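First up is the structure itself, then whatever we jot down about it.
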Amino acid sequence: AANSLSQQSRQQQAGAMAALPIPARELFINGRWVAPVRGKYLDVVCPATEAVIGRIPAGTREDVEAAVAAAVAAHKSGVWAKTTGAQRAVVLRAIAQKVRDNKTALANYETQDMGKPIDEAEWDMDDVAGCLDYYADLAEKLDARQGSAIDVGMEEFSVTVRREPLGVVGLITPWNYPLLMATWKVAPALAAGNCCVLKPSELASVTCLELAGLAGEAGLPAGVLNVVTGLGADAGAPLSSHPALAKVAFTGSTATGQRVAQAAIANLRPATMELGGKSCLVIFDDADLDKAVEWVMFGAFWTNGQICSSTSRILIQERVADAFYAKLKQRAQSINIGDPLQPGCRMGPIVSAAQYERVRGYVQIGLDEGATLLTGGRRPPSCPRGHFLEPTVFINVAPHMRLWKEEIFGPVLSVSTFSSEQQALQLANDSEYGLGGAVISADEERCRRVAEGLECGIVWVNCSQPCFCQAPWGGVKSSGFGRELGEWGLENFLSVKQVTTYVSDKPWDWYSPQSKL
Ligand code: NAD
């Protein structure tokens, strides 16, 4: 233990040296850094060290009002809404380039802010830039789609379709992929020509504030992207209920999503909801178990299991269960857990003290419910400080247990067994959630059947978790509605207007005496 302690303090020293100072920012409203009206701030706490490393403005209703007013003025001015898709693409690509130029710093802030391993945070920044570039391409393609003709079967009429921005959109995002989840909304919203007010999670807002500054430097006009940080109740709630919004796009927990959706519908505004999950991976006994375990690890422990689509339930076919447990235990116990700023770290701390207690509470619930702890469940001895939890696997988890049913949002995996394909599908689908699902088998036809049978918005076959900005993302049941990413992400932020033109020289002739009727 002494050895590992000194190893951790050495690592923490090295990590501390690598930690960049968190920039002191204000709210970003109308292209400027603006102090919150009530002058309050929230501490930024590093989950690896539990140290206060900075602060973010605690925005409130007054700041939301100012941000929405700035966005409304920008929208009405036409400075963004009236540009062509090609013009918007230039700015989006410039923002992407800024993100690439600042990748090292942005990833460093992200890791300090919410604890994900630096290698993952750097990957996220690549994804952020890639997503901006992708929507730049779609913005450009939008120009060619403007004015597309609809055949209504009457030659007197020419009917065409314009795709217009909705107006001002409210974007509310979570902490697990702070900048990436925000970009999944900001990039398509901007590509479509909207003006935005972004409310990132109070647990991780640092990189979203940086994005706003970088977007301004890249040439995005003032007022087009505004960022109001603050608590959900103080800043998120007044944003989601603001009558000047044309739409609310939300990613977060199912409970908050219900509130946000109700606030939006009270104003008769559309909302998209990317909510929680309890995704199940089904492994058949013909699978290559080593490859399967690698995908299980990636699905369950990537970003510490703090992923909406995280592989939080495994169904393993009975015949190979014991061999699978042995391999999984060995791999989980050898994960590189510790200072997330160290390259090569594969598991950092849980995001916050409250979430740490919540996740550890689920470990106790699992034990109390009678599930078998295969591995983990403790603070790693090598990490005396910070919100660290060993990768945790419970086996013999029964379908009625809370461990099997509830979203934990941490590195706690629940495993159960099945005998037949039919039983596997029944158990996998017996969930209030329907975000992700996965199947691993050597039998392609079986994979196809299971993919078809899983009740969810995303299915992975012979893998789990990889995500591409070109493909649709979203869930069914309590995992939400609407789809982000891909062309669906752009459609979310477009208003479709029909333009019907009477092109005949003849009079319409309905009320004149000569009327046929
Ligand atoms: P959360 O619901 O606590 O918070 C999400 C956002 O909503 C934050 O910005 C928060 O400040 C804000 N908020 C809180 N109360 C509000 C209110 N009353 N009105 C308006 N806004 C309010 O979620 P979280 O803990 O930040 O994120 C974790 C959750 O997000 C998990 O349930 C996870 O599954 C989900 N998630 C889903 C996806 C997806 O694509 N489906 C992706 C990532 C995370």
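For ligands, and for the atoms within them, numbers begin at 1 and follow the listed sequence. Nothing fancy with the numbering, it's 1 onward along the sequence. The model shown is predicted, which means the values in this text are computed figures rather than measured ones.
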Can you find a side-chain donor-acceptor pair between Glu120 and Thr303 that sits under 3.5 Å? yes
Can a side-chain donor-acceptor contact be found between Ser279 and Ser309 if the only test is distance below 3.5 angstrom? no
Atom 17 (C) of ligand 1: the protein heavy-atom neighbour that sits closest, reported with distance to 0.1 Å: Gly232 O, 3.7 Å
Under 4.0 Å from a heavy atom of Leu435: give me the atoms of ligand 1 that qualify, with their elements. 41 (N)
Numbered in order shown, the ligand 1 atoms found under 4.0 Å of a heavy atom of Val260 are 19 (N), 20 (C), 21 (N)
Can you confirm whether more than 12 heavy atoms, excluding those of Lys40, are under 6.0 Å from its NZ atom? no
Give a yes or no on this: more than 12 heavy atoms of other residues, nucleotides or ligands lie within 6.0 Å of atom CZ of Arg61. no
I'd like to know if the side chain of Tyr433 pairs up with that of Glu406 as donor and acceptor (distance under 3.5 Å, no hydrogens or angles considered). no
Looking at Pro200, which atoms of ligand 1 are within less than 4.0 Å of one of its heavy atoms? 9 (O)
Is it the case that ligand 1 has an N or O less than 3.5 angstrom from some N or O of Leu275? yes
Starting from atom 33 (C) of ligand 1, what is the nearest protein heavy atom, named by residue and atom, and what distance separates them? Phe409 CE1, 3.1 Å
Could you check, using the six-membered ring where one of them is a Trp, whether Trp295 and Trp460 have ring centers closer than 6.0 angstrom? no
Applying a strict 4.0 Å limit to heavy atoms, is Gly480 in contact with ligand 1? no
For the 3.5 Å polar cut-off, considering only N or O atoms, please tell me whether Gly252 and ligand 1 meet it. yes
I want to confirm something. Looking only at heavy atoms, which of Thr303, Leu485, Thr173, Thr272 is nearest to atom 6 (C) of ligand 1? Thr173
among protein heavy atoms, the one nearest atom 12 (C) of ligand 1 is Ile172 CG2, 3.7 Å
In terms of heavy-atom contacts, Gly167 and Asn194 come closest through N-OD1, 3.0 Å
With a cutoff of 4.0 Å, is Gly475 in contact with ligand 1, counting heavy atoms of the residue only? no
Parallel, tilted or perpendicular: rings of Tyr356 and His387 (30°, 60°): tilted
Need the ligand 1 atom indices (1-based, order shown) with element for anything under 4.0 Å from a heavy-atom of Gly236. 19 (N), 20 (C), 21 (N)
Closest by any non-hydrogen atom to atom 19 (N) of ligand 1: pick that one out of Ser479, Ala237, Gly257. Ala237
Side chain or backbone, does Lys199 bring an N or O within less than 3.5 Å of an N or O on ligand 1? yes
For Glu202, take its heavy atoms, then give the atoms of ligand 1 lying under 4.0 Å from any of them. 10 (C), 11 (O)
Please determine, by modelled atom types, if Asp368 and Gln364 share a side-chain donor-acceptor pair under 3.5 angstrom. yes
For atom 26 (O) of ligand 1, the protein heavy atom that lies nearest, with its residue and separation: Trp175 CD1, 3.0 Å
Pull out every atom of ligand 1 sitting under 4.0 Å from any heavy atom of Asn176, numbered as shown with elements. 43 (C), 44 (C)
Which protein heavy atom lies closest to atom 27 (O) of ligand 1, and at what distance to 0.1 Å? Pro174 CB, 3.3 Å
Does one side chain, of Glu407 or Ser312, offer a donor that lies under 3.5 Å from an acceptor on the other? no
Within ligand 1, which atoms have a heavy atom of Cys308 less than 4.0 Å away? 33 (C), 34 (O), 36 (N), 37 (C), 38 (C), 39 (C), 40 (O), 41 (N), 42 (C), 43 (C), 44 (C)
Of Thr251, Thr229, Thr256, the residue with the heavy atom nearest atom 5 (C) of ligand 1 is Thr251
Ala218: partners by side chain to side chain contact (heavy atoms under 4.5 Å, CB included), with sequence neighbours left out: Ala94, Ile95, Lys98
Side-chain H-bond candidate by donor/acceptor type, His242 with Glu65, under 3.5 Å: yes
Under 6.0 Å between ring centres, would you say that holds for Phe409 and Trp175? yes
One residue to check: Arg259. Relative to ligand 1, which of side chain, backbone, both or neither has a non-hydrogen atom less than 4.0 Å away? side chain
In terms of residue, atom name and distance, what is the protein heavy atom nearest to atom 23 (O) of ligand 1? Ser253 N, 3.3 Å
Sub-4.0 Å atoms of ligand 1 with respect to non-hydrogen atoms of Trp473: 39 (C), 40 (O)
Going by the rule side chain to side chain contact (heavy atoms under 4.5 Å, CB included), which residues pair with Ala300 if we only count those two or more places apart in sequence or in a different chain? Leu413
Given that the side chain starts at C-beta and the backbone is N, CA, C, O, which of these parts of Glu407 lies under 4.0 Å from ligand 1, counting heavy atoms, or is it both or neither? side chain
Would you say the side-chain atoms of Ser240 and Lys199 include a donor-acceptor pair closer than 3.5 Å? no
Just heavy atoms, cut-off under 4.0 Å: does Ile307 contact ligand 1 by side chain, backbone, both, or neither? neither
